[in-house]
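Taking it in order: structure first as structure tokens, then the write-up.
Each chain gets a letter, A, B and so on, in the order its sequence line appears, and its residues count up from 1. The model shown is predicted, which means the values in this text are computed figures rather than measured ones.
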2 protein chains.
Amino acid sequence: MSERTKIKDIARVAGVSTATVSRALSDSALVTDATREKVRAAANRLNYRLNVRARNLRIQKSMAVLLVVRNMSNPFYLEIFKGVEAVARAAGYVLLMGNTEDDPAREAEYFDMLRDGQADGMILMTGTLPEGHAVLDPASGAPPIVVALEAVDDCGLAHVQIDNCAAAKQAVRHLASLGHRKIAHICGPLPEILSRLRRDGYRKAMAKAGLEIPRNYEPAGDYSIQSGRACCAALFDADNPPTALFAANDEMAFGAIGELRRRGLRVPEDVSVIGFDDLFVSESYSPPLTTISQPRVDIGRTAMTMLLDIIGARQSVPRTIEMQTELIVRQSTGKAPNKLEISAQ
Amino acid sequence: MSERTKIKDIARVAGVSTATVSRALSDSALVTDATREKVRAAANRLNYRLNVRARNLRIQKSMAVLLVVRNMSNPFYLEIFKGVEAVARAAGYVLLMGNTEDDPAREAEYFDMLRDGQADGMILMTGTLPEGHAVLDPASGAPPIVVALEAVDDCGLAHVQIDNCAAAKQAVRHLASLGHRKIAHICGPLPEILSRLRRDGYRKAMAKAGLEIPRNYEPAGDYSIQSGRACCAALFDADNPPTALFAANDEMAFGAIGELRRRGLRVPEDVSVIGFDDLFVSESYSPPLTTISQPRVDIGRTAMTMLLDIIGARQSVPRTIEMQTELIVRQSTGKAPNKLEISAQ
DNA sequence: TTGAAAGCGTTACCAG
DNA sequence: CTGGTAACGCTTTCAA
């Protein structure tokens, strides 16, 4: 009980060599059914368990995949984890969690782990890359990395993402179709590509609808509830308050709704609000939030599947897969208020 | 570039043995400063990186810790992950994610990983144990497992938890202090210890306040928003609707609030609602939710610290650490409505 | 203080 | 098809 049985013990008991035991246990075609059975029986009798560490050392793999996020406590990642986990598990991989807290040094450490073989692949959701890391050296071939959620420009890596720009357009079109003409956008932090893409979508859709964007209609938050509240306050403290708000994520939309309510404005009667992400609470928020839904579990699944392809070298050309988003109309958006405009034309 | 340098290469370049290289690199006291420097220099020049797999095989450790939850997409776990991660990282451990989806077979697999040395320890948050698993055999000493969040009775394992019963009492006392006398409790699924503890707290506090609990005042949900909605509906469809609701978690509280609103009842003017957990959205919910807050990050940190103690055998007696909860009064609770009661005494 | 060598438990090559 | 044996890359006795 204290000593673990190893392949050598089985060999002795079954009267074969360790090589044969290894082959029998791994379903190699190079053993007769008879010996395979014999070995299996012995292994069972001895209560044998494979030593994964030894095996991994020998086969030069870790059978682990790194999942790197910038902030572990962002609920948005959860369902992505779930999708990744399901596929990884089925393929025999374990999941290693990485959390960078937006620290480039920590991000680099995870890349080190990849280089050092502590993980066979990585799903990166930080939106950044450690510059000039050895793993990214083009000389060493396609690195086993899939960038998910957040795009990284021109990095030659595989991507799984959504069409943020198109989704943003769809959100704005929805508001415009309800008769809104004064539509503001609460942006995410603009250094991030993601935020800029959504803002671009907003701008394009506004242009297409023939709507103007006043100078102050694009306040930028940081995706937090608090910043949504602040951006909303700024919009409604100004001269020309909007009748509709498109927030770059649901949390900022929540903040905005809170602020509107504080000011005695009703949602959606006075102001319509639309979010982005469809968090698990958005459906039951009050009012239930109209938002853009991303297929999160599917993004995770797809990213992991791509990663397996790359690891298995079944595919070497880095691809970008675009997932479909969906506009979920709930009750935070409604017809534009049709009170007469008193403002000067 | 293609071949990784190993300690053998360093040994050759530095003109010492591999044993010395190993010692020098691991700061052993058994080398002179001079040779240590020489080896270090050579290692740097050759761009040496330790092969963690080989090292782990040799030292018989995996330097990994399993974090097992019953449902990976529950946002409640996030900050616990964060706390665990911080401590694990500092101690040189990596985090392996485990997701059981309430499947005992999957849970057993993670225990297998522990037994097989794929992880050196485990933080278990499923509230269950695979019965009779070898790892739990008392003969093999204190297993490197810390049960967090959800208690498991009489298992002889280390625990990090909150006093659910006391916290529930506190919630009920708060409602009673506002003048409520008809206080109902939306329970979690009663097979779970956690749910029962919170319900017991509710019962004790009600008794102490001299309040009766009508037969239908303890509907049980499953911690989902939908179930909160359903339980609330059941309460208000019945004869004797409460003026205050204590939900066993925030999600059910959200569901209840949604249902109340649907019925035209105001929170907190007509009905007060209190939750449990203090999810990240609860603060900005509308109305901001009064709830019981658990020190989640701290629970994670503490659990991981305990685990390190057990792994390092610095402590062998399984302890239970109880963390402090806090009542967060926000705006979903208010004075009991003082309209005259028409119901028969 | 250093070196030689024996593992850690597998897998995979090469003969037979 | 099977067996012997050399790796995988490191740590750690045991001697010197």
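Of the listed nucleotides (D:dT2, C:dT2, D:dC10), D:dT2 has the atom at the smallest distance from the side chain of A:Arg23.
Among the atoms of the strands shown, none is found under 4.0 Å from any heavy atom of B:Arg53. Within the nucleic acid shown, B:Thr35 comes within 4.0 Å of sugar-phosphate atoms alone, with no base atom in reach, counting heavy atoms only. When heavy atoms are screened at a 4.0 angstrom cut-off, A:Ile59 is found touching the sugar-phosphate backbone but no base atom. Residue contacts for B:Arg36: at a heavy-atom cut-off of 4.0 Å it reaches no nucleic acid atom on any strand shown.
One atom, CG of A:Asn56, and another, C1' of D:dG9, lie 14 Å apart when rounded to the nearest Å. C:dG9 atom P lies 16 Å from atom NZ of B:Lys61, rounded to whole Å. Distance B:Leu57 CG to C:dA6 P: 17 Å, rounded to the nearest Å.
The ring pair (Phe, Tyr, Trp, His ring centres under 6.0 Å) search around A:Tyr110 returns none, not counting sequence neighbours. For B:Glu101, the salt bridge (Lys or Arg N to Asp or Glu O under 4.0 Å) partners are A:Lys82, not counting sequence neighbours.
In this structure, B:Tyr48 reaches the D:dC10 phosphate: one of its side-chain N or O atoms is under 4.0 Å from OP1 or OP2.
A donor-acceptor distance shorter than 3.5 angstrom exists from the side chain of B:His133 to the backbone of B:Val135, with no hydrogens or angles considered.
The two residues B:Leu66 and B:Met113 come nearest to each other via the heavy atoms CD1-CB, 4.1 Å.
Listed by residue number, the members of residues 8-22 of chain A with any heavy atom below 4.0 angstrom from DNA chain C are A:Ala19, A:Ser22.
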